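One-based numbering along the sequence shown. Each ligand, and each atom within it, is numbered from 1 in the order the structure gives. Just so we're clear, the structure is a prediction, and the values are computed from it rather than from any experiment.
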Amino acid sequence: MKRRGFGVLWVTLAVCVVLLFAVHSLTKDYQRAEQQQFSNSLLNHAELVSSQVMNAMRNAQDESISKCTAESLDQLRRIANQYLYVYDLGVVEADQVLCTANWGVFTTPSMLPDTYYGASSRFQLYSRAEGIFPVPLRLDITRGGSILAFTAEFSFQHFINQNRGFSYSLGMADQAHDFLNYQSRRQTIGWPERFNLSMFQLTTQSCSEIFRYCVQTKNNRAGILYFSAYFIAVIVVISLIFGFLVAYTIQSYLYKKNSMEFRLRRAIQTRLIYVEYQPILHAGTGKIVGVESLVRWNDAIYGKVSPEHFISIAENMGLYEELTFHVAGTSIEEMAPVLKRDSNFTLSINVSSFEVLCDEYLLFLKNKVKACGVPHNQLKIEITEKISVPLEALSAFSHKAKQCGFRVSLDDFGTGVANLVWLTEMAFDDIKIDRTFTQSLNDAFKDKMVLSIMAMVSDLHKQVIFEGVETQGELDVIVDRFSDAYVQGWYYYRSLSKEALFEVLQSHGDTMSAA
Ligand SMILES: Nc1nc2c(ncn2[C@@H]2O[C@@H]3COP(=O)(O)O[C@H]4[C@@H](O)[C@H](n5cnc6c(=O)[nH]c(N)nc65)O[C@@H]4COP(=O)(O)O[C@H]3[C@H]2O)c(=O)[nH]1
């Protein structure tokens, strides 16, 4: 039980981890797609803004504007007006901004910042320059020769307004400067980065093919960390519950699979049930005169299971019908060569209440012996005295069996309750004395019982078989007193496989050279 609980725990944890990992991976995939999509749209937008700035500047350069005349300012206004993301156009000379389309000529020209970046070989970029205009504006400025273009302040505002769950930046490809840097408020936990836990980090980068800048997105709460602590706890609990259910189902399946019932069903359906044969001998001569077929099941887990045990399981599970037809059919098929060779040789098969009450059983035996070319009278049906079927039905069955030409044995004689009535009501050919009597032939009381049974039986001119002979002493008593009787028991043979039986028969020189 302890091991089972341990197994459930491990499977639960394993399934839980797999589920959490699946949720993590799916969320991360979703986030990656989202970041990539965002990154592409920001880059496209940046290229649009840059194109407008470049075009505005080219237009101004085409007009050869280099002075702050009223006509030049008019031209600049017209050009700037065409481009949404161009706030203003101006004229620069010796790094001094002389005038712009929006603000006219500056009485006190302001200086461009010292630092700029090379957007291309012909353009320089000043990032978030301030103090150019008489109002507090910080704008990106692109310079091409004597023309300046001011990028509109709102150009990227709608991206910033989106409040994404990840941080991003729009910066120079050589990472010298970021023009736009957004830090998400959700990126507050730093330990995935500190401990370099790449599974919780997600970065993307898209670079422009036209301009020298890239968009980078960065997420330190990738995957499952994206969710709130409360939601993560819910996911963990659900995963644990699901894991437990899976573990419990697997455990139940394995338990069921390993149960004797389940394994017996499979053994019957896959014909893992087989038959062995125990020789029956003439006590006086030691000649093998027949065999009793005994069903066998050797299971990988349960080992050799007693037929009495698994037969009752098969009966309870409704599998007995399949079992008994298989055993009887196999026994007749396997013993057919011996039976055909020696007309005095008999094959005994055991029946229980099912066969007695089953209308098709005798018909099945008839067809089988016929198909195998075996004479009917070489097949013996052993009816145990322990059977719980009304005497009328038993009697009818025994008579019907005899009418079919089969022989009938009264098995385990002496162990039941109705021996004397049996002897009068049943049609039978021989009696098998149960091994409890055989093994107590030296017991004065049981000895007397056997003697009276023998007296009765010899008057009825029936044969007697002593079951369960285990010792020389038991055999000696039988041979001494009942030399015409037959014996069966471990003193001679236990049940044998078909092959082992054929070898024994061959060594006895009885039959079977062909088998
Ligand atoms: N102690 C001892 N035992 C000996 C000796 N010689 C034989 N036996 C055992 O006694 C039983 C004889 O079969 P049974 O009385 O018909 O009793 C059989 C029979 O009632 C039933 N059985 C076996 N095979 C079948 C079958 O195919 N169909 C049906 N319906 N019942 C079967 O299971 C019972 C037990 O079968 P097994 O365990 O094979 O046990 C067999 C056999 O192995 C001996 O010297 N000493």
Side-chain angles (χ1 to χ4, degrees), residues 264 267-268 271-281 283 288 290-298 302-316 319-335 346-358 361-362 364-365 368 379-389 394 397 401 408-416 428 430-441 464-475 477-478 486-498 500-501:
L264 176 63
I268 292 172
R271 300 286 183 254
L272 282 175
I273 298 282
Y274 59 100
V275 184
E276 286 191 341
Y277 303 92
Q278 187 177 30
I280 299 170
L281 303 93
I288 299 175
V291 286
E292 176 181 0
S293 88
L294 294 162
V295 64
R296 293 288 177 255
W297 178 32
N298 191 359
Y302 294 101
K304 290 187 175 173
V305 186
S306 145
E308 276 164 322
H309 185 44
F310 72 78
I311 282 173
S312 79
I313 296 177
E315 282 171 342
N316 291 336
L319 295 170
Y320 184 74
E321 179 173 356
E322 194 176 340
L323 176 77
T324 190
F325 281 112
H326 167 63
V327 170
T330 307
S331 307
I332 294 167
E333 274 168 26
E334 289 188 347
M335 287 302 113
T346 56
L347 166 67
S348 303
I349 54 173
N350 289 284
V351 293
S352 67
S353 50
F354 170 81
E355 293 88 336
V356 173
L357 301 174
C358 172
Y361 186 69
L362 288 174
F364 168 80
L365 293 183
K368 197 74 199 177
L379 187 71
K380 233 185 235 186
I381 298 172
E382 293 195 5
I383 307 172
T384 173
E385 202 186 322
K386 295 170 192 159
I387 201 166
S388 53
V389 172
L394 271 180
F397 177 78
V408 175
S409 272
L410 302 186
D411 198 7
D412 305 315
F413 197 79
T415 56
F428 66 98
D430 53 57
I431 287 178
K432 294 185 84 172
I433 305 290
D434 190 74
R435 69 167 174 271
T436 49
F437 289 100
T438 304
Q439 291 168 358
S440 340
L441 280 172
V464 174
I465 299 159
F466 286 89
E467 286 184 298
V469 178
E470 286 184 5
T471 64
Q472 176 74 51
E474 288 160 10
L475 180 68
V477 175
I478 294 168
Y486 295 87
V487 285
Q488 178 182 354
W490 294 351
Y491 175 71
Y492 288 105
Y493 305 101
R494 293 196 175 220
S495 60
L496 304 168
S497 67
K498 178 184 86 171
L501 173 73

Quick look: Y320 vs ligand 1, heavy-atom contacts under 4.0 Å, and the answer is side chain
for atom 8 (N) of ligand 1, nearest protein heavy atom and its distance come out as W490 NE1, 3.6 Å
Quiz item: Salt bridge between R494 and E470, side-chain N to carboxylate O under 4.0 Å?
Solution: no
Exactly one candidate in L281, I431, I280, T438 meets side-chain contact (heavy atoms from CB on, under 4.5 Å) with I465; the answer is I280
Exercise. Taking T330 for its side chain and H326 for its backbone only, find out whether a donor-acceptor pair lies under 3.5 Å.
Key: yes
Would you please determine whether T384 falls within less than 4.0 Å of ligand 1 on a heavy-atom basis?
-> no
| said: Do the side chains of K380 and E292 get close enough for a salt bridge, i.e. N-O under 4.0 angstrom? | reply: no
Between I387 and S353 the two heavy atoms that sit nearest each other are CD1-N, 3.5 Å
> Any chance the side chains of Y361 and E321 put a donor and an acceptor closer than 3.5 Å?
Replying inline: no
Here the atoms of ligand 1 under 4.0 Å from any heavy atom belonging to G489 are 6 (N), 45 (O)
Nearest non-hydrogen protein atom to atom 18 (C) of ligand 1, with distance, is L294 CD2, 4.4 Å
For E467 and D412, the nearest pair of non-hydrogen atoms, with its separation, is OE1-OD1, 3.4 Å
Honestly, for I349 the part within reach of ligand 1 (heavy atoms, under 4.0 Å) is neither
among protein heavy atoms, the one nearest atom 34 (C) of ligand 1 is E308 CG, 3.6 Å
Any heavy atom of V469 under 4.0 Å from ligand 1? The part involved is backbone
*Can you check side-chain contact (heavy atoms from CB on, under 4.5 Å) on L501 and E276, steps first, answer last?*
CA-CA 9 Å; L501 173 73; E276 286 191 341; over 6 Å; no
The answer for which part of V275 has a heavy atom under 4.0 Å from ligand 1 is neither
Does N350 reach ligand 1 with a nitrogen or oxygen that is under 3.5 Å from one of the ligand's nitrogen or oxygen atoms?
-> yes
| message | So, 4.0 Å and heavy atoms of K432: is ligand 1 close enough to count as a contact? | response | no
Q.
Less than 4.5 Å apart, side chain to side chain, heavy atoms only: is that true for S352 and T384?
A. no
Atom 10 (O) of ligand 1 has as its nearest protein heavy atom R435 NH1, 3.3 Å
Note: heavy atom closest to atom 36 (O) of ligand 1, options S409, S306, P307, belongs to P307
Quick note on ligand 1: atoms under 4.0 Å from a heavy atom of I311 include exactly 22 (N), 25 (C), 29 (C), 31 (N), 32 (C)
**Prompt:** Are Y492 and I288 close enough that some pair of their side-chain heavy atoms sits under 4.5 Å apart?
**Reply:** no
Per-atom filter on ligand 1: closer than 4.0 angstrom to a heavy atom of E467 are 15 (O)
Is the shortest N/O to N/O distance between V295 and ligand 1 below 3.5 Å? yes
Q) Based purely on interatomic distance, does D412 place a nitrogen or oxygen under 3.5 Å from a nitrogen or oxygen of ligand 1? A) yes
**Message:** Measuring from non-hydrogen atoms of Q278 to any atom of ligand 1, is the shortest distance under 4.0 Å?
**Reply:** yes
Counting from 1 in the order shown, the ligand 1 atoms closer than 4.0 Å to a non-hydrogen atom of E470 are 1 (N), 2 (C), 44 (C), 45 (O), 46 (N)
For R296, the atoms of ligand 1 under 4.0 Å from one of its heavy atoms are 39 (O), 43 (O)
Margin query: If you apply the rule side-chain contact (heavy atoms from CB on, under 4.5 Å), what do you find for Q439 with E474, and how did you get there?
Written below: CA-CA 7 Å; Q439 291 168 358; E474 288 160 10; 3.4 Å; yes
message = Going by a strict under-4.0 Å cutoff (protein heavy atoms only), does atom 39 (O) of ligand 1 have a neighbour on the protein?
response = yes
task = Assess the side chains of D411 and S409: does a donor N or O sit below 3.5 Å from an acceptor N or O?
result = no
Atoms of ligand 1 under 4.0 Å from any heavy atom of E292, numbered from 1 in the order shown, are 13 (O), 14 (P), 16 (O)
Checking heavy atoms under 4.0 Å, the part of Q488 that sits near ligand 1 is neither
Report task. Would you please determine whether R494 falls within less than 4.0 Å of ligand 1 on a heavy-atom basis? Result -> no
Minimal heavy-atom distance between R296 and F310, with the atoms involved, is C-CZ, 4.1 Å
Note: I383 and V351 closest approach over all heavy atoms is CG1-CG2, 4.0 Å
Short version for V327: what comes under 4.0 Å of ligand 1, heavy atoms counted, is side chain
- Query: Taking the six-membered ring for Trp, are Y302 and W297 parallel (under 30°), tilted (30 to 60°) or perpendicular (over 60°)?
  - Reply: tilted
Q. With a 4.0 Å cut-off on heavy atoms, does Y492 reach ligand 1?
A. no
